[in-house]
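The sequence lines fix the lettering, A, B, ..., with proteins before strands; numbering per chain opens at 1.
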2 protein chains.
Amino acid sequence: MAYLDSTTISSDRDSSTTPAPDSPDTRHRILSALVLVALYLAIQFLLPRPASVAPAGWRLLGIFVAAIGALMLRPIPGGAAVLIAVILASIFGGLTIQQALGGYGDPTVWLVMAAFTISNALIKTGLARRIALLFIRTVGQTSLGVCYALSATDMVLASVIPSNGARSGGVVLPIVRSVAELYGSLPGPSAALVGSFLVTGVYQGICITAAMFFTGQASNPLAAKMAADMFHYPVTWALWFAAGIVPGLCSLAVVPWVVYRLDPPVIRKTPEAATFAARELERMGPAARSQKIAGGIFISVCALWITSAFHHLDITVTALLGSAALLLTGVLTWNDVVSDRAAWDIFIWYGGLLQLGKSLNDAGVTREFARSVGGMFGTANWVVVLAAALVIYFYAHYGFASITAHMLAMFPPFAALLVARKAPAGLVIFSFACFANFAAGLTNYGTTPSPMFYAHGYVSFQKWWRIGFVVSLVNLAIWSTVGFAWWKLIGIW
Amino acid sequence: MAYLDSTTISSDRDSSTTPAPDSPDTRHRILSALVLVALYLAIQFLLPRPASVAPAGWRLLGIFVAAIGALMLRPIPGGAAVLIAVILASIFGGLTIQQALGGYGDPTVWLVMAAFTISNALIKTGLARRIALLFIRTVGQTSLGVCYALSATDMVLASVIPSNGARSGGVVLPIVRSVAELYGSLPGPSAALVGSFLVTGVYQGICITAAMFFTGQASNPLAAKMAADMFHYPVTWALWFAAGIVPGLCSLAVVPWVVYRLDPPVIRKTPEAATFAARELERMGPAARSQKIAGGIFISVCALWITSAFHHLDITVTALLGSAALLLTGVLTWNDVVSDRAAWDIFIWYGGLLQLGKSLNDAGVTREFARSVGGMFGTANWVVVLAAALVIYFYAHYGFASITAHMLAMFPPFAALLVARKAPAGLVIFSFACFANFAAGLTNYGTTPSPMFYAHGYVSFQKWWRIGFVVSLVNLAIWSTVGFAWWKLIGIW
């Protein structure tokens with residue numbers, strides 16, 4: 001887990017001592033703070049407050065925008081910034097402290113916490129690694145096959161692990177690196193042998209898998225919650241699964257091949273990878289008791305999620321039952337739970353932002369924003385507006401270092417705008433929710449594992465962005481044709 | 001913090017591997033689980049459910065009692081037990097998962113979290129140690145003086161640090177041990193030199209300081225919250241301070257002297273302790289920048305708490321502002337916050353229990369319990385009932401390993417009973433809230449630091465309990481005379 005720990009959303013700029021007063025870090029902090037204050041003041045004094053929004057609601061907007069700005073500029077760790085925003089919202093933003101802290105008791109946040117616990121168990125027991133090796137042993141005879149195998153692994157794990165930092169960065173990435181090294185492909189001249197292709201191909205794959213499941217990424221349940229709050233549209237695990245599986249599999253089939261053409265590896269046949277996987281599996285021996293238990297719990301949780309329409313067990317309750325089972329069977333200790341720094345980090349910033357976003361909506365700000373953006377489109381048909389809005393929304397991700405920040409800032413106003421224009425709610429919700437995920441493929445900082453993949457140094461900045469842009473066109477083409485058609489077919493719109 | 005970590009409420013039975021099937025640990029677990037199930041079934045099928053309580057409310061009672069039982073028997077760590085109770089309450093206890101998780105967004109719980117952060121800073125910067133050494137340098141010329149000095153340190157820290165595990169176990173206890181070793185007093189024959197007296201004397205002192213402040217112990221805000229919820233009686237930090245200071249100082253003056261008579265140390269003059277403290281202070285040099293900042297924030301938070309009647313800033317908001325200031329000034333890093341395992345441990349069990357207790361009250365169970373206990377007292381005057389109830393309540397602590405568990409299980413029904421009997425609410429609330437704290441002095445497991453003090457091995461089990469019992473009589477005598485009179489004087493009743 002050293003991997004994960006060193007790259008969680010907020011620990012990357014952490015240091016145990018205060019930086020020297022003149023260090024670049026201090027300068028960056030002070031400059032960022034000034035930008036954030038300017039942002040707040042600009043909203044308060046330059047942007048006209050609509051009559052329907054109370055002054056406190058407008059101050060809340062300023063606090064929220066400054067918090068999102070802080071997540072992008074990172075003068076302090078994200079969690080600390082959000083916590084401060086929560087405190088300020090309770091003093092100036094018209095919320096009581098009870099309301100401001102409400103997100104920390106929200107089932108959506110606890111779903112993510114429970115899923116973190118389960119993923120913790122999959123990684124700790126070695127089950128996640130076993131799954132990856134099984135895929136490679138099966139289809140790993142070519143470098144393209146290895147890329148498919150690792151994307152498939154990530155897809156399986158995404159059905160229950162919403163931390164792509166843990167899943168893609170913690171489980172899949174180390175295997176990418178191992179396979180590359182197996183062929184003597186290291187950062188530098190030998191990167192072209194196979195490492196460069198594998199890193200970019202698998203990275204693009206993990207951005208697709210994030211879009212495929214309710215649990216594909218931490219902010220997907222957030223989108224579902226916003227859909228429920230704003231439009232009373234219930235997005236379940238099963239519905240997201242149904243919606244994501246067809247366009248997702250299409251993308252997963254096409255994208256590695258596209259990357260293979262854009263960045264062809266010198267080594268194309270990789271029988272050693274399959275042998276390596278077979279040998280590693282042999283070395284691991286038969287699955288240990290703890291792996292079997294973790295696997296059984298993993299499958300049970302997924303099964304209960306898929307069948308929730310029948311037994312009506314809340315999705316969070318199911319996940320928490322899975323965590324409890326892991327604790328009771330001793331697969332995880334209590335110490336594993338309370339010392340999971342990445343989980344507590346996400347808990348604080350996620351719970352805080354969730355509540356701030358919700359309160360902003362309650363204060364009527366989101367509605368007003370959508371109304372004013374809507375004015376720009378005149379009387380255009382919703383199809384035109386949807387197309388334009390989706391493209392703006394998608395490429396706005398160049399400005400975000402987190403899918404959650406992107407989703408939280410832009411999903412509610414854009415979705416509200418489109419639904420007010422009579423676009424079908426299901427189509428709007430799923431397109432905006434899914435597109436924010438694979439938009440992370442554009443850059444080397446778009447979501448938690450992005451810097452982890454990029455930092456291995458196999459791929460230049462220019463190549464990373466060029467491939468990201470081409471793949472974005474492919475993904476947009478697939479999801480807006482195959483995806484929209486499939487969603488029509490299954491009755492989402 | 002190794003100290004604290006090894007003795008938090010739940011990590012003490014933690015192990016990273018599953019115990020062997022036949023180990024005493026497994027047997028204990030299975031036996032405990034059977035007891036808890038029996039407890040649940042007994043409540044469901046042997047105890048008649050009052051007509052005013054719904055079946056789901058009665059099942060909630062069973063879950064709650066089993067959870068308290070689990071905190072006492074410890075088949076699994078306390079946090080895990082409470083989390084499972086929360087999940088079960090949402091399935092069987094008539095709560096939605098939103099309601100069951102509500103405690104995690106409660107300001108009371110976040111007050112404790114914020115205070116943990118502040119205490120973390122006091123310990124990390126060495127400020128807490130400096131305060132202790134200053135006290136010893138001043139009044140440490142005799143062994144009785146050292147005992148007073150360390151109790152006074154704990155009292156100062158208790159004004160803002162509700163974790164007595166961190167405060168008494170993490171700061172004060174290591175100094176107790178250092179002073180004892182200074183005189184060659186080790187566990188065993190040399191314990192009688194001075195170590196035995198210091199350990200018991202200071203231990204009894206820290207049980208008194210826990211009763212003196214709103215923040216003296218994690219469950220004190222809980223008692224205040226229950227008082228507000230049940231009787232609309234507002235208990236502020238300032239009011240608790242006013243109520244606790246007089247009887248608390250009396251107890252702190254008398255108790256060390258009583259222990260000194262019961263367990264007289266061989267060494268009575270300890271000039272070396274004062275010299276030791278002076279030397280250590282010299283070695284520490286002038287206060288570092290981080291110590292000054294932490295001290296300034298500590299004092300500011302206390303000042304804001306005391307003056308909250310004027311500015312109406314919520315107590316939790318004040319504490320969170322203090323935490324934010326520590327993060328912004330770099331005294332604490334974000335990593336310090338997310339890796340504070342003891343804080344997250346307390347967060348889970350405390351937030352869960354808080355909500356379960358509240359829900360039980362909402363379900364009408366507490367009221368019914370008080371009504372039936374009240375029946376046993378016939379038509380006796382409230383004075384008689386208060387005296388009897390306080391004694392039962394106090395000595396019931398022999399059965400509790402946690403002040404929180406004690407408070408949560410017994411405060412609401414007893415307080416409700418007395419108030420229904422027309423006893424003055426203020427008197428009832430403060431007596432039951434305070435008495436649960438110094439009741440921890442009875443045993444070697446009554447609150448988190450108890451096993452930490454006891455485990456040093458300076459004092460035999462028999463002596464520990466004997467002194468605990470005598471001191472309990474002294475404390476009861478002081479608080480029910482001086483305390484009650486003082487509370488009358490300041491208008492609490």
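Between chain B and the options Asp314(A), Ile84(A), Thr316(A), Val317(A), heavy-atom pairs under 4.5 Å are most frequent for Val317(A). When Val86(A), Val109(A), Leu327(A), Leu321(A) are compared by the number of non-hydrogen pairs under 4.5 Å with chain B, Leu321(A) comes out ahead. Ranked by heavy-atom pairs under 4.5 Å with chain B, the first of Leu328(A), Leu313(A), Leu83(A), Val337(A) is Leu328(A).
Remark: Thr318(A) OG1 to Ile97(B) CD1 distance equals 9.5 Å, nearest 0.5 Å. Atom-to-atom distance recorded for Thr108(B):OG1 and Gln98(A):CD is 8.0 Å, nearest 0.5 angstrom.
Residues passing the salt bridge (charged side-chain N to carboxylate O under 4.0 Å, His left out) test with Lys225(A), sequence neighbours excluded: Asp106(A), Asp229(A). By the side-chain hydrogen bond (donor to acceptor under 3.5 Å, both in side chains) test, Thr117(B) is found to be paired with no residue, residues two or more places apart in sequence or in another chain being considered.
By the 30° and 60° cut-offs, the orientation of the rings of Trp110(A) relative to Tyr104(B) is tilted.
Only the side chain of Ser90(A) comes within less than 4.5 Å of a heavy atom in chain B; its backbone stays farther off. In this structure, chain B has no heavy atom under 4.5 Å from any part of Leu332(A). Heavy-atom distances place no part of Leu88(B) under 4.5 Å from chain A, backbone and side chain included.
Nearest heavy atom pair, residue Asp345(A) against residue Trp334(B), reads OD1-NE1, 2.7 Å.
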